[in-house]
Amino acid sequence: MRPPQYQLEEELREWREERLERLTAPHGWLSLVGLHWLEGAGPWRLGRESGDLVLGVGPEALGILWSETEPDGSRAFHLVTGEGRIRLATDARGEPAGHAELEGGLRLAVIRRGERHALRVWDPEAPTRRHFAGLEHYPPSLRWWLVRARFEPHDPVRELEVPDVTGGLQRLRNPGRLRFEIDGRGFTLEAFQEAPGERLFLVFADRTNGRETYGGGRFLYADPPDAEGTVRLDFNRAFNPPCAFTAFATCPLPPPENRLDLAIEAGEKRYRPGEEALSGP
């Protein structure tokens with residue numbers, strides 16, 4: 001049988017490699033270069049340096065974005081370029097937004113946050129991706145590896161309004177809370193979930209934030225509770241939200257219920273970009 005420390009390090013190494021691969025992908029969070037709120041009914045002219053939405057990347061005259069109301073009352077968006085028309089489905093139903101792939105690797109998608117919509121823009125040549133400085137972590141720790149939590153369901157399942165970095169509020173599905181102990185002290189975390197049966201999503205703050213870790217808190221995923229209502233938390237897998245890497249994300253912030261009077265010295269540390277990433281193209 002493998003020693004626990006060896007097993008932890010092996011599992012964590014694989015998880016970190018996958019995490020890094022997703023983050024640095026051509027259209028990962030490091031490539032996000034724009035978040036443009038769509039005010040009014042449109043249409044909106046898109047261009048690099050001029051238009052209703054100034055993207056700062058791509059061709060001078062990229063095309064026109066317009067919207068229409070669907071039979072169910074939701075909004076659908078269409079992008080018209082010299083290459084034709086592309087339908088952009090939003091992420092309003094919890095599914096990934098439909099996107100447009102344009103010349104040069106540029107990607108556009110429309111997201112919904114509350115009652116507002118925004119156009120997201122990715123560019124694989126973004127300075128934040130080209131000059132990525134890498135991730136720093138706390139050493140793997142057995143102390144934070146097998147934290148057993150008891151899942152206490154909310155009946156019925158509720159939605160919790162959570163503030164985000166844009167100043168808005170996001171309504172997140174909140175099926176229950178997790179109760180656990182560290183060094184004999186009790187703590188709770190409200191858990192979120194996109195849909196029944198999926199992984200639990202935690203947005204939490206702790207005493208390391210703003211010093212060793214990102215000031216806006218960190219994220220953590222966990223498997224759903226087992227038949228006995230137990231959830232395993234591995235804080236070695238706590239990671240920085242997208243807004244630690246780009247100014248164009250819409251990350252939820254830790255709600256008051258998830259601010260822990262505890263220093264969780266595990267997982268990703270604060271990201272420190274190099275001067276090249278901050279100076280632009």
S.K.: Evaluate the side-chain proximity of Leu108 to Leu65: yes if any heavy-atom separation is below 4.5 Å, no if none is.
M.R.: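 They are not in contact (no side-chain heavy atoms under 4.5 Å apart), so the answer is no.
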
S.K.: Apply side chain to side chain contact (heavy atoms under 4.5 Å, CB included) to the pair Leu200 and Asp223, showing each step before the final yes or no.
M.R.: CA-CA 6 Å; Leu200 301 178; Asp223 289 335; over 6 Å; no

S.K.: Hey, could you give me the CD/CD distance between Glu136 and Glu212, rounded to the nearest 0.5 Å?
M.R.: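 If I round to the nearest 0.5 Å, the distance is 10.5 Å.
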
S.K.: Provide the closest heavy-atom pair for Gly216 versus Pro254 in the form atom of the first, atom of the second, distance.
M.R.: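 For Gly216 versus Pro254, the nearest heavy atoms are O-CD, 3.2 Å.
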
S.K.: I'd like to check the ring pair (Phe, Tyr, Trp, His ring centres under 6.0 Å) partners of Phe77; sequence neighbours left out, ordered by chain and number.
M.R.: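 For Phe77 the ring pair (Phe, Tyr, Trp, His ring centres under 6.0 Å) partners, ignoring immediate neighbours, are His117.
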
S.K.: Who pairs with Arg173 by salt bridge (Lys or Arg N to Asp or Glu O under 4.0 Å), at least two apart in sequence or on another chain?
M.R.: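 Salt bridge (Lys or Arg N to Asp or Glu O under 4.0 Å) list for Arg173, sorted by chain: empty.
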
S.K.: Should Glu159 and Arg171 count as an ion pair when the cut-off is N to O under 4.0 Å?
M.R.: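 Looking at Arg171 together with Glu159, the answer is yes, because their closest N to O distance falls below 4.0 Å.
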
S.K.: Any side-chain heavy atom of Pro124 sitting closer than 4.5 Å to one from Arg129?
M.R.: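 They are in contact (side-chain heavy atoms under 4.5 Å apart), so the answer is yes.
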
S.K.: Kindly give the heavy-atom pair with the smallest separation between Ala133 and Arg272, and that separation in Å.
M.R.: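 Looks like CB-O, 3.5 Å.
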
S.K.: Got Phe248 and Val121 here, is their nearest side-chain heavy-atom distance under 4.5 Å?
M.R.: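 No. Closest side-chain heavy atoms not under 4.5 Å.
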
S.K.: Report the distance from atom CZ of Arg177 to atom CD of Glu190, rounding to the nearest 0.5 Å.
M.R.: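 Result: 5.0 Å between the selected atoms.
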
S.K.: What I want to check is whether the side chains of Thr230 and Arg148 have a donor and an acceptor closer together than 3.5 Å.
M.R.: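 There is no such pair (donor and acceptor under 3.5 Å, judged by atom type) between the side chains of Thr230 and Arg148.
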
S.K.: Tell me who clusters with Tyr214, hydrophobic residues only, linked when side chains sit under 4.5 Å apart either directly or through other members.
M.R.: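 Reading the cluster by chain and number, Tyr214 sits alone, since nothing else belongs.
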
S.K.: Establish whether Phe219 and Leu135 are linked, either directly or via other cluster members, by ILVMFWY side-chain heavy-atom contacts under 4.5 Å.
M.R.: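 Each belongs to a different hydrophobic cluster.
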
S.K.: Indicate every side-chain donor-acceptor pair of residues 29-42 with a distance under 3.5 Å to a residue at least two apart or in another chain.
M.R.:
unit_1: Ser31; atom_1: OG; unit_2: Pro26; atom_2: O; d: 2.7
unit_1: Glu39; atom_1: OE2; unit_2: Arg116; atom_2: NH2; d: 3.3

S.K.: Residues in side chain to side chain donor-acceptor pair (under 3.5 Å) with Glu152, at least two apart?
M.R.: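 Glu152: side chain to side chain donor-acceptor pair (under 3.5 Å) contacts with Arg150, Arg179.
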
S.K.: Hydrogens and angles aside, do Thr250 and Arg113 bring a side-chain donor and acceptor to less than 3.5 Å of each other?
M.R.: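 Judged by distance alone, the side chains do pair up.
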
S.K.: Would you say Phe187 ends up clustered with Leu178 if hydrophobic residues are merged whenever their side chains have heavy atoms under 4.5 Å apart, either directly or through other cluster members?
M.R.: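 Yes, Leu178 connects to Phe187 through the hydrophobic network.
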
S.K.: Mark yes when over 12 heavy atoms from residues, nucleotides or ligands other than Glu101 sit less than 6.0 Å from its CD; otherwise mark no.
M.R.: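 Enclosed.
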
S.K.: When you group the ILVMFWY residues by side-chain heavy-atom contacts below 4.5 Å and let the links chain together, are Phe180 and Val203 in the same group?
M.R.: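 Different clusters: Val203 never reaches Phe180 through Ile, Leu, Val, Met, Phe, Trp or Tyr contacts under 4.5 Å.
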
S.K.: Please lay out, stage by stage, how Asp206 and Arg259 fare under the test salt bridge (Lys or Arg N to Asp or Glu O under 4.0 Å).
M.R.: CA-CA 6 Å; Asp206 70 275; Arg259 297 183 176 274; over 6 Å; no

S.K.: Can you list the steps and then say if Gln193 with Phe201 is a side chain to side chain contact (heavy atoms under 4.5 Å, CB included)?
M.R.: CA-CA 6 Å; Gln193 192 179 45; Phe201 174 52; over 6 Å; no

S.K.: Would you list the pairs meeting ring pair (Phe, Tyr, Trp, His ring centres under 6.0 Å) in which at least one residue belongs to residues 133-172, sequence neighbours left out?
M.R.: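 Those involving residues 133-172 are Trp144-Phe235.
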
S.K.: Report the distance from atom OG1 of Thr24 to atom CZ of Phe132, rounding to the nearest 0.5 Å.
M.R.: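 It comes to 7.0 Å.
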
S.K.: Under 4.0 Å between a Lys/Arg side-chain N and an Asp/Glu carboxylate O for Arg130 and Asp123?
M.R.: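 Judged by the 4.0 Å cut-off on N to carboxylate O distance, Arg130 and Asp123 do not form a salt bridge.
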
S.K.: If you look at every heavy atom in Pro252 and Leu172, which pair is closest and at what distance?
M.R.: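 Distance-wise, the nearest heavy atoms are CB-CD1, 4.4 Å.
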
S.K.: So does Asp261 pair up with Arg207, basic N to acidic O under 4.0 Å?
M.R.: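 Result for this pair is yes, salt bridge flagged.
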
S.K.: With sequence neighbours excluded, give me every salt bridge (charged side-chain N to carboxylate O under 4.0 Å, His left out) pair touching residues 12-28.
M.R.: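 Listed once each, the pairs are Arg19-Glu268.
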
S.K.: Which heavy atom of Ala149 sits nearest a heavy atom of Leu233, and at what distance?
M.R.: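 Closest approach of Ala149 to Leu233, heavy atoms only: CB-CD1, 4.0 Å.
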
S.K.: Tell me whether Tyr271 contacts the main-chain N or O of Thr213 through its side chain, where contact means a donor paired with an acceptor under 3.5 Å.
M.R.: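 No: the side chain of Tyr271 does not pair with the backbone of Thr213.
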
S.K.: What residues, two or more places apart in sequence or in another chain, satisfy side chain to side chain donor-acceptor pair (under 3.5 Å) together with Asp155?
M.R.: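 Result, side chain to side chain donor-acceptor pair (under 3.5 Å) vs Asp155: none returned.
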
S.K.: For Thr166, check side chain to side chain donor-acceptor pair (under 3.5 Å) against everything at least two apart and list the hits.
M.R.: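 Testing Thr166 for side chain to side chain donor-acceptor pair (under 3.5 Å), a comparison that skips the adjacent residues, returns Asp164.
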
S.K.: So how far is it from Leu79 CG to Arg87 CZ, rounded to the nearest 0.5 Å?
M.R.: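 If I round to the nearest 0.5 Å, the distance is 13.5 Å.
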
S.K.: Measure across Ala109 and Trp122 and return the closest heavy-atom pair with its distance rounded to 0.1 Å.
M.R.: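 Closest approach of Ala109 to Trp122: CB-CZ3, 3.7 Å.
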
S.K.: Got a donor-acceptor contact below 3.5 angstrom from the Glu60 side chain to the Arg48 backbone?
M.R.: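 Between the backbone of Arg48 and the side chain of Glu60 there is no qualifying donor-acceptor contact (under 3.5 Å).
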
S.K.: Just to verify, what does Arg232 make a salt bridge (Lys or Arg N to Asp or Glu O under 4.0 Å) with, not counting sequence neighbours?
M.R.: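 Arg232 satisfies salt bridge (Lys or Arg N to Asp or Glu O under 4.0 Å) with Glu11 only.
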
S.K.: In this structure, are over 12 heavy atoms from other groups packed under 6.0 Å from Glu49 atom CD?
M.R.: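 Check passes, neighbour count above 12.
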
S.K.: Can any side-chain N or O of Asn174 pair as donor or acceptor with the backbone N or O of Ala191 at less than 3.5 Å?
M.R.: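 Pair found, side chain donor or acceptor close to backbone of Ala191.
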
S.K.: Looking only at atom types and distance, does a side-chain atom of Asn236 sit under 3.5 Å from a main-chain N or O of Gly267, one as donor and one as acceptor?
M.R.: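 No: the side chain of Asn236 does not pair with the backbone of Gly267.
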
S.K.: Could you check if a side-chain atom of Thr81 sits within less than 4.5 angstrom of a side-chain atom of Leu46, using non-hydrogen atoms only?
M.R.: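 No. Closest side-chain heavy atoms not under 4.5 Å.
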
S.K.: My understanding is that only residues two or more places apart in sequence, or in another chain, count here; which of them pass ring pair (Phe, Tyr, Trp, His ring centres under 6.0 Å) with Trp66?
M.R.: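 Listed in chain order: His78.
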
S.K.: For residues Leu260 and Leu189, determine if any side-chain heavy atom of one lies less than 4.5 Å from a side-chain heavy atom of the other.
M.R.: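 Counting from C-beta outward, Leu260 and Leu189 do come under 4.5 Å.
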
S.K.: Measuring from atom CD of Glu9 to atom OG of Ser141, what distance do you get when rounded to the nearest 0.5 angstrom?
M.R.: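 Going from the CD atom of Glu9 to the OG atom of Ser141 covers 10.5 Å.
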
S.K.: Could you see if Phe245 belongs to whatever hydrophobic cluster contains Leu20? Use Ile, Leu, Val, Met, Phe, Trp, Tyr and a side-chain cutoff under 4.5 Å.
M.R.: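 Shared cluster, yes.
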
S.K.: List the steps, then state whether side chain to side chain contact (heavy atoms under 4.5 Å, CB included) holds for Ile182 with Leu262.
M.R.: CA-CA 9 Å; Ile182 299 292; Leu262 174 71; 4.1 Å; yes

S.K.: Less than 4.5 Å apart, any side-chain heavy atom of Tyr221 and any of Phe239?
M.R.: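 Yes, at least one pair of side-chain atoms sits under 4.5 Å.
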
S.K.: State, yes or no, whether a side-chain contact exists between His27 and Leu106 at a heavy-atom distance under 4.5 Å.
M.R.: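 No - every pair of side-chain heavy atoms lies 4.5 Å or more apart.
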
S.K.: Which residues pass the side chain to side chain donor-acceptor pair (under 3.5 Å) test with Glu115, sequence neighbours left out?
M.R.: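 Only Arg112 meet the side chain to side chain donor-acceptor pair (under 3.5 Å) criterion with Glu115.
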
S.K.: Ile64 versus Trp44: any side-chain heavy-atom pair under 4.5 Å?
M.R.: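 Of all side-chain heavy-atom pairs linking Trp44 with Ile64, none is under 4.5 Å.
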
S.K.: Would a single hydrophobic cluster contain both Val147 and Leu12, if residues Ile, Leu, Val, Met, Phe, Trp and Tyr are joined by side-chain heavy-atom contacts under 4.5 Å?
M.R.: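 No; tracing contacts between hydrophobic side chains, which count when under 4.5 Å, never links both residues.
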
S.K.: Would you name the heavy atoms of Gly217 and Pro241 that are closest together and state the gap between them?
M.R.: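 Shortest heavy-atom contact: O-CD, 3.3 Å.
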
S.K.: Hey, what do you get for CG (Leu88) to OG (Ser67), rounding to the nearest 0.5 Å?
M.R.: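 That separation rounds to 11.0 Å.
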
